[in-house]
Amino acid sequence: NAYPYSTQNSNRKDKHFSPTDMIVLSDVEGNPGQIVQIPIRLIRGVSETELSGLVTGFIATSENEVELIEALNFTSSVNSNTMAIPTGNNMLSVLMMDLEQAPKTELLLGYLSFKIPENAQFGDMFTFSSQSESGTTENYESIQFLDGSGGSVTVMDFPPEEFDFNQSTL
């Protein structure tokens, strides 16, 4: 047969594994002007490979369009080589290398920090999500991620003034 009809199907090994890992952000509360930290967890699913590298982006949005006045920040809680690069005030890219994280485990990667704007009102909510997560093995084989769950920061009232028990009101 003439080409292309003479070409046989390839039996090459498909190195694509079904995604089982995900990033999960927590919900927290805070007051205007307060710096809050959102815990970020990595949940490793069933896999045959150890996670060595991870890249993800984080984005913050506000229901009431309150703008962030300071850039997002990431503080790692694991022993890894980490780079965090903000894009504007509401986006942050994070690269983590040398993680050595085994399958079927859960790990606190670190904290996403931001300052709640002073003009935020009680009940305002900021939502945070990770985007375009992917990982790699020590041999640079790709590890795909499932969609994780986002987190939120709800703005609360300022804490009540402390009561002075030494003052008598009688």
Side-chain angles (χ1 to χ4, degrees), residues 13-120 124-155:
K13 183 178 177 183
D14 185 5
K15 293 202 176 213
H16 175 74
F17 299 102
S18 296
T20 60
D21 300 348
M22 73 172 96
I23 299 215
V24 176
L25 285 75
S26 298
D27 298 327
V28 297
E29 298 174 342
N31 297 317
Q34 180 182 4
I35 295 175
V36 293
Q37 295 187 326
I38 303 162
I40 301 171
R41 297 194 179 284
L42 167 66
I43 300 176
R44 298 275 345 259
V46 177
S47 175
E48 298 174 5
T49 59
E50 188 173 90
L51 181 73
S52 179
L54 167 70
V55 64
T56 187
F58 296 102
I59 187 165
T61 57
S62 169
E63 290 181 348
N64 296 333
E65 299 183 20
V66 177
E67 291 191 29
L68 301 182
I69 54 172
E70 293 184 18
L72 299 175
N73 190 21
F74 178 76
T75 304
S76 177
S77 64
V78 296
N79 186 18
S80 70
N81 292 317
T82 302
M83 288 185 353
I85 301 169
T87 304
N89 289 344
N90 69 327
M91 293 179 167
L92 182 70
S93 298
V94 175
L95 170 64
M96 301 181 82
M97 300 166 286
D98 304 321
L99 286 171
E100 300 177 8
Q101 187 62 27
K104 300 183 198 172
T105 58
E106 184 174 330
L107 174 70
L108 177 65
L109 289 175
Y111 297 90
L112 186 62
S113 304
F114 93 108
K115 183 175 183 178
I116 299 175
E118 297 283 349
N119 63 339
D124 283 349
M125 182 177 289
F126 297 89
T127 56
F128 294 83
S129 60
S130 61
Q131 298 185 329
S132 303
E133 311 90 340
S134 67
T136 184
T137 67
E138 182 178 50
N139 297 322
Y140 299 105
E141 293 174 346
S142 178
I143 297 176
Q144 302 300 313
F145 276 64
L146 296 168
D147 289 337
S149 63
S152 66
V153 174
T154 303
V155 178

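None of these values were measured; they are calculated from a predicted model. Values below: all heavy atoms of this structure, side chains included; hydrogens, waters and symmetry mates excluded.
A distance of 12.0 Å separates NZ of Lys115 from CG of Leu68, quoted to the nearest 0.5 Å. Leu25 contributes atom CG, which lies 7.0 Å from atom OG of Ser149 (distance to the nearest 0.5 angstrom). Here the straight-line distance linking atom CG of Leu95 with atom CG of Leu54 works out to 8.0 Å at 0.5 Å rounding. Atom CD1 of residue Ile23 and atom CG of residue Leu146 lie 11.5 Å apart, to the nearest 0.5 angstrom. To the nearest 0.5 angstrom, Ser76 atom OG is 8.0 Å from Leu99 atom CG. Between the CD1 atom in Ile40 and the CG atom in Leu108 there is a gap of 8.5 Å [rounded to 0.5 Å].
Looking only at side-chain heavy atoms (C-beta outward), Thr49 and Pro103 stay at 4.5 Å or farther from each other. Between Phe126 and Asn90 there is no side-chain heavy-atom pair separated by less than 4.5 Å. Inter-residue side-chain proximity for Asn73 and Leu92 is flagged as unmet; no heavy-atom pair is nearer than 4.5 Å. With a 4.5 Å cut-off on side-chain heavy atoms, Val66 and Asn119 count as touching. Inter-residue side-chain proximity for Asn139 and Ser52 is flagged as unmet; no heavy-atom pair is nearer than 4.5 Å. Pro32 is listed as a side-chain neighbour of Val155, based on a closest heavy-atom distance under 4.5 Å.
Of all the heavy atoms in Gln34 and Gly30, the pair that sits closest is OE1-CA, 3.2 Å. Residues Gly135 and Leu51 approach most closely at CA-CD1, 3.7 Å, considering heavy atoms. For the residue pair Val94 and Ala84, the shortest heavy atom distance occurs at CG2-CB, 4.2 Å. The nearest pair of heavy atoms linking Thr56 to Ser130 is OG1-CB, 3.5 Å. Contact between Gln101 and Glu50 at its shortest, heavy atoms only, is O-CG, 3.4 Å. For the pair Pro39 and Val28, the tightest heavy-atom approach, listed with the atom from each and the gap, is CD-CG1, 4.1 Å.
When the shell of 6.0 Å around CG of Asn81 is examined, it contains more than 12 heavy atoms from other residues, nucleotides or ligands. Within a 6.0 Å radius of CE in Met97, other residues, nucleotides and ligands contribute more than 12 heavy atoms. The neighbour count for Glu106 CD, taken as heavy atoms of other residues, nucleotides or ligands under 6.0 Å away, is above 12. In this structure, Glu138 places its CD atom where only 12 or fewer heavy-atom neighbours from other residues, nucleotides or ligands lie under 6.0 Å away.
A donor-acceptor pair under 3.5 Å is formed between the side chain of Ser77 and the backbone N or O of Leu109. A donor-acceptor pair is defined here as one N or O able to donate and one able to accept, closer than 3.5 Å; no such pair exists between the side chain of Thr87 and the backbone of Met91. Between the side chain of Thr20 and the backbone N or O of Val46, at least one donor-acceptor pair lies under 3.5 Å.
Results of the ring pair (Phe, Tyr, Trp, His ring centres under 6.0 Å) test with Phe128 over Phe74, Phe114, Tyr111, Phe58 single out Phe114 as the only residue that passes.
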(message) Would Ser142 and Gln144 count as a side chain to side chain donor-acceptor pair (under 3.5 Å) here? Give the steps.
(response) CA-CA 6 Å; Ser142 178; Gln144 302 300 313; 2.5 Å; yes

(message) With side chain to side chain donor-acceptor pair (under 3.5 Å) as the criterion, how do Ser80 and Asp98 come out once you've worked through the C-alpha distance, each side chain's angles and the decisive distance to 0.1 Å?
(response) CA-CA 5 Å; Ser80 70; Asp98 304 321; over 6 Å; no

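Take Asp21 and apply the side chain to side chain donor-acceptor pair (under 3.5 Å) test, not counting sequence neighbours, and it matches Arg44.
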